[in-house]
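Before any comments, here is the structure.
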Amino acid sequence: MKGIAVPPFNALPQFLTIIFLYFSAADSYNVAVMEFAVNLDYFKPASEVLEDNTMNYVNLIQQAKKQSTALDLVVFPESTLSPYFGAIENAAVLPPDYGNFILCNSTEGNYAQFLKNLSCAAMDYNTTVLINFTEKEVCQGDQNCLESEDYKYYNTVVAFGTKGSILARYRKWNLFGERGKSRPTSLDLPVLYMGNTTFGIMTCFDIQFGIPAFNLIKNRGVKNMIFPLQWIGELPYLTALQIQQMWAQEMNVVLLASGASLPQSGAGGSGIFMARHGPIEYDVLAESGTKLMIQTVPIDSGEFNVSYEIPNTDTIDQLALSLDNFYLLVDPSIKDHKSVLLNTSTNGSSEHIVCHGEDDRNVLCCHFNTFITLNSTSTAGNAYTYHLVAFNGVRTYSGVYYGGVETCGVVACLNQSINSCGQRFSNYSTISWPVIFNFINITGNFSHSEQRFQLPTTLLSSMRPLTIMEYSWRGAAVNEKILERNIELNEPQSRLLTFGIFGRDFTRDWAPVRNNIRDPSGDVNDLSGKGMS
Ligand SMILES: *[C@@H]1O[C@H](CO)[C@@H](O)[C@H](O)[C@H]1NC(C)=O
Ligand SMILES: *[C@@H]1O[C@H](CO)[C@@H](O)[C@H](O)[C@H]1NC(C)=O
Ligand SMILES: *[C@@H]1O[C@H](CO)[C@@H](O)[C@H](O)[C@H]1NC(C)=O
Ligand SMILES: *[C@@H]1O[C@H](CO)[C@@H](O)[C@H](O)[C@H]1NC(C)=O
Ligand SMILES: *[C@@H]1O[C@H](CO)[C@@H](O)[C@H](O)[C@H]1NC(C)=O
Ligand SMILES: *[C@@H]1O[C@H](CO)[C@@H](O)[C@H](O)[C@H]1NC(C)=O
Ligand SMILES: *[C@@H]1O[C@H](CO)[C@@H](O)[C@H](O)[C@H]1NC(C)=O
Ligand SMILES: *[C@@H]1O[C@H](CO)[C@@H](O)[C@H](O)[C@H]1NC(C)=O
Ligand SMILES: *[C@@H]1O[C@H](CO)[C@@H](O)[C@H](O)[C@H]1NC(C)=O
Ligand SMILES: *[C@@H]1O[C@H](CO)[C@@H](O)[C@H](O)[C@H]1NC(C)=O
Ligand SMILES: *[C@@H]1O[C@H](CO)[C@@H](O)[C@H](O)[C@H]1NC(C)=O
Ligand SMILES: *[C@@H]1O[C@H](CO)[C@@H](O)[C@H](O)[C@H]1NC(C)=O
C-alpha cells in the first residue's frame, strides 16, 4: 500500500474569514439541528424536487422559529436539497462578492432561485441558516480546469446571515470519492463569531480527518462545530451517534450535527453534543422522517447542564427493536482484525493482550481486563459472542478512500468467526443477553502525533453510545513519543455491541479517486457520466 505525503494540518493554503454575528443573548445561543427525511420523489424533474425541498426548508425554519422565538441558528443536513441525479443540473453559482451581496429578491446576475429563497428566509425569520448544495464555479483558466470543462464543482456549505448575505462558505475538503467534484485549491476555514463564542464548519466524511477540524480547533480555537451530514452508519465503530459523541468528547467542542434520514440506506443520526459532557439531545429515526431538535447552548462550558440519565434495559430494547431494519455497513477490515475470544462460560475476570500490525515496526498491542457475570435466567435465543480485537492497518472506505486505522475493542459477533463481527442478529426479539460486563479496562499505546487521533467508541444495541457517565476516557503521555490511551466501563452493562478505542493515522491515507497523475494537486476533474455521490 503506497501512502501519500500528508501535509501537517497547519501547512496548507488557507483562507481565514472572520465573521461577526450578533445574537440574542451573549451568554448562550439557540440552535436547531434536525433529522431530515431524504426526498425520494424520483419521478419528478430534479428542479421540482429542489423547489419542494426548498419550501420544506423554509417551512422548517418557520416551525423552529415558532418553538424558539430567539432562534440564532438552523443547520440543515448534507445533500438534502437536490436529488443525487440532479446534482449537476441544480448546481448553483455564488456571487463573487457573496459576503456583501444580498441574494433575496435580487434581480442582478442570474442566481438560483433556491438560494434567493433561503436568503429571504434567513432575513424573514431573523436567523442564520446553514445549507449544503453543489456549487459550480465558472472556469477561468487559472483554476486548473481541463480544456473541456466549463465549470468546477464543489460540495459546499454556506451560512446565510440575518441580513440575507452569505456569512461563510466552506467547500468540503475530504470528498467521499465524489468523482466530478473538486477539492478546493485553498482550504476554506470560515470562523463565525457569535456573542463570545466561535463556530467552525465541517461536513460528513471530514469527521475522520485532522483537516479541517484541527485547524479550526487547535489553531483558531473554535468552540462549536457546525456539522451537516449524510452519514451511513457502520458497525462496530462508526455508527452516527457513536461517532458524534466520541468526536465531541475527544475534541472537547460542541458538535451541532444535522443528519439526512434514510434508514433503508443507513443514513440517520443527529444531535447536539456538549463537548466532553455528552449530548443534550440526539436521535436516530427508525423510519425516514423529519424531526427538529432545538436547544439553548451556553457559551461558557461551565454552564453545560447535561442530564445523565442511564437508560434501563427495557428502554434500550425498545429502541433497538425498532431499528432491526436500519441498514448498517460492516467495517470491511474486521476480518483482518486480530482476535481473542472472550470466555463467557464462567463468572469472573480475565486478562488478555492482543497485538496486530502490518510489520514488526508498526504493532499495536491492546490490553484487556474484563469482569463478567452470567445471567442464568437469560439463556434462550441468540446470544452475541464477544471478541477482543486489535487492528493496526489500512482500511477501505467503500473503495473510494483508504485510511490508516488503529483500534482496540470488545465487539459483539454472531459466532466464533471474526468474519461475523459487526453483524447483528436480524430479529431483535430473538436475542438474549446472558453476559453482563461489570468491568472492562482497555489500554493501548499510540504515537503522539498531529497526524493521529484516538476516540472512545461505545455502542449499545439501541445504536446509541453509552452515556458519558458510564465510561472513563483518558490519555497520558508515557514519554515524548508515546501516548497511553485508556477506556474503562464504570457501570454494569448487558446490551453492549462495542466498547473500545478507535484511532486514525492520516500518514497512511491513500485516495485512489484523487491520486491521479493527470493532476499533481490530487484532483480529478472527471465529469464523464456526471455521476455524483
Ligand atoms: C433579530 O435578532 C437579533 C438577535 O437575536 C435581535 O437583536 C433583533 O432585535 C432581531 N430583529 C428583529 C427584527 O426581530
Ligand atoms: C465576553 O468577552 C468580553 C471580553 O473578553 C467580556 O468582557 C464579557 O464579559 C464576555 N461576556 C460574556 C457573556 O461572557
Ligand atoms: C451536498 O449537497 C449537494 C446537493 O444536494 C450534493 O450534490 C452533495 O453530494 C452534497 N454533499 C455530499 C457529500 O453528499
Ligand atoms: C422579497 O419579495 C417578496 C415578494 O415580493 C416580498 O414579500 C418580500 O418582503 C421581499 N423580501 C425582502 C427581504 O425584501
Ligand atoms: C421561491 O419562493 C417563491 C415564492 O414563495 C415560490 O413561488 C418559488 O417556488 C420558490 N422557489 C424555490 C426554488 O424554492
Ligand atoms: C439543569 O437541568 C436540570 C434539569 O433540566 C434543572 O433542574 C436544573 O435546574 C439545571 N441546572 C442549572 C444550573 O441550570
Ligand atoms: C473457559 O473457562 C473455563 C473455566 O476456566 C475453562 O474450563 C474452559 O476451558 C475455557 N474455555 C475456553 C474455550 O478457553
Ligand atoms: C454468576 O454470578 C451470578 C450473579 O452473581 C449468579 O447468579 C450465577 O449463578 C453465577 N454463574 C456461574 C456460572 O457461576
Ligand atoms: C437477567 O435476565 C432476565 C431475563 O432476560 C432479566 O429479566 C434480568 O433483569 C436479568 N438480570 C440482570 C442482572 O441483568
Ligand atoms: C458465523 O456466522 C456467519 C454469518 O452468519 C456464518 O456465515 C458462518 O458460517 C458462521 N460460522 C460459524 C463457525 O458458525
Ligand atoms: C421475530 O421473532 C419473534 C419471536 O420469535 C417472532 O414472533 C417474530 O415473528 C419474528 N419477526 C420476524 C420479522 O421474523
Ligand atoms: C486499567 O488498565 C491500566 C493499564 O493496564 C491500569 O493502569 C489501570 O490501573 C487499570 N484500571 C483499573 C481500574 O484497574
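Small disclaimer: the values here were computed from a predicted structure and weren't measured. Atoms within each ligand, like the ligands themselves, are counted from 1 in listed order.
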For the [atom1] atom on [X], are there more than 12 heavy atoms of other groups (residues, nucleotides or ligands in this structure) within a distance under 6.0 Å?
X      : atom1 : value
Asn325 : CG    : no
Lys163 : NZ    : no
Tyr308 : OH    : yes

*Which of the numbered atoms in ligand 5 are below 4.0 angstrom from a heavy atom of Thr54?*
14 (O)

*Taking only heavy atoms of Gln113, which atoms of ligand 5 are found under 4.0 Å from at least one of them?*
1 (C), 11 (N)

*Quick check, are the ring centers of Phe437 and Phe499 under 6.0 angstrom apart?*
no

*When the ring planes of Tyr428 and Trp433 are compared, do they come out parallel, tilted or perpendicular, using 30° and 60° as the limits?*
tilted

_Geometric class of the Tyr384/Phe425 ring pair [parallel <30°, tilted 30-60°, perpendicular >60°]_ = tilted

*Minimum heavy-atom separation for Ile468 to Gly278, with atom names?*
CG1-CA, 3.4 Å

*Passes salt bridge (charged side-chain N to carboxylate O under 4.0 Å, His left out), Asp52 versus Lys44? Steps please.*
CA-CA 10 Å; Asp52 291 349; Lys44 276 190 177 175; 2.6 Å; yes

_Close-contact set for ligand 7 against Ser345 heavy atoms, below 4.0 Å_ = 1 (C), 2 (O), 3 (C)

Between ligand 9 and the protein, which N/O pairs fall short of 3.5 Å?
{"residue": "ligand 9", "atom": "2 (O)", "partner": "Asn375", "partner atom": "OD1", "Å": "3.4"}
{"residue": "ligand 9", "atom": "2 (O)", "partner": "Asn375", "partner atom": "ND2", "Å": "2.3"}
{"residue": "ligand 9", "atom": "2 (O)", "partner": "Thr377", "partner atom": "OG1", "Å": "3.3"}
{"residue": "ligand 9", "atom": "11 (N)", "partner": "Asn375", "partner atom": "ND2", "Å": "2.8"}

*So is Asn343 polar-close to ligand 7, meaning N/O to N/O under 3.5 Å?*
yes

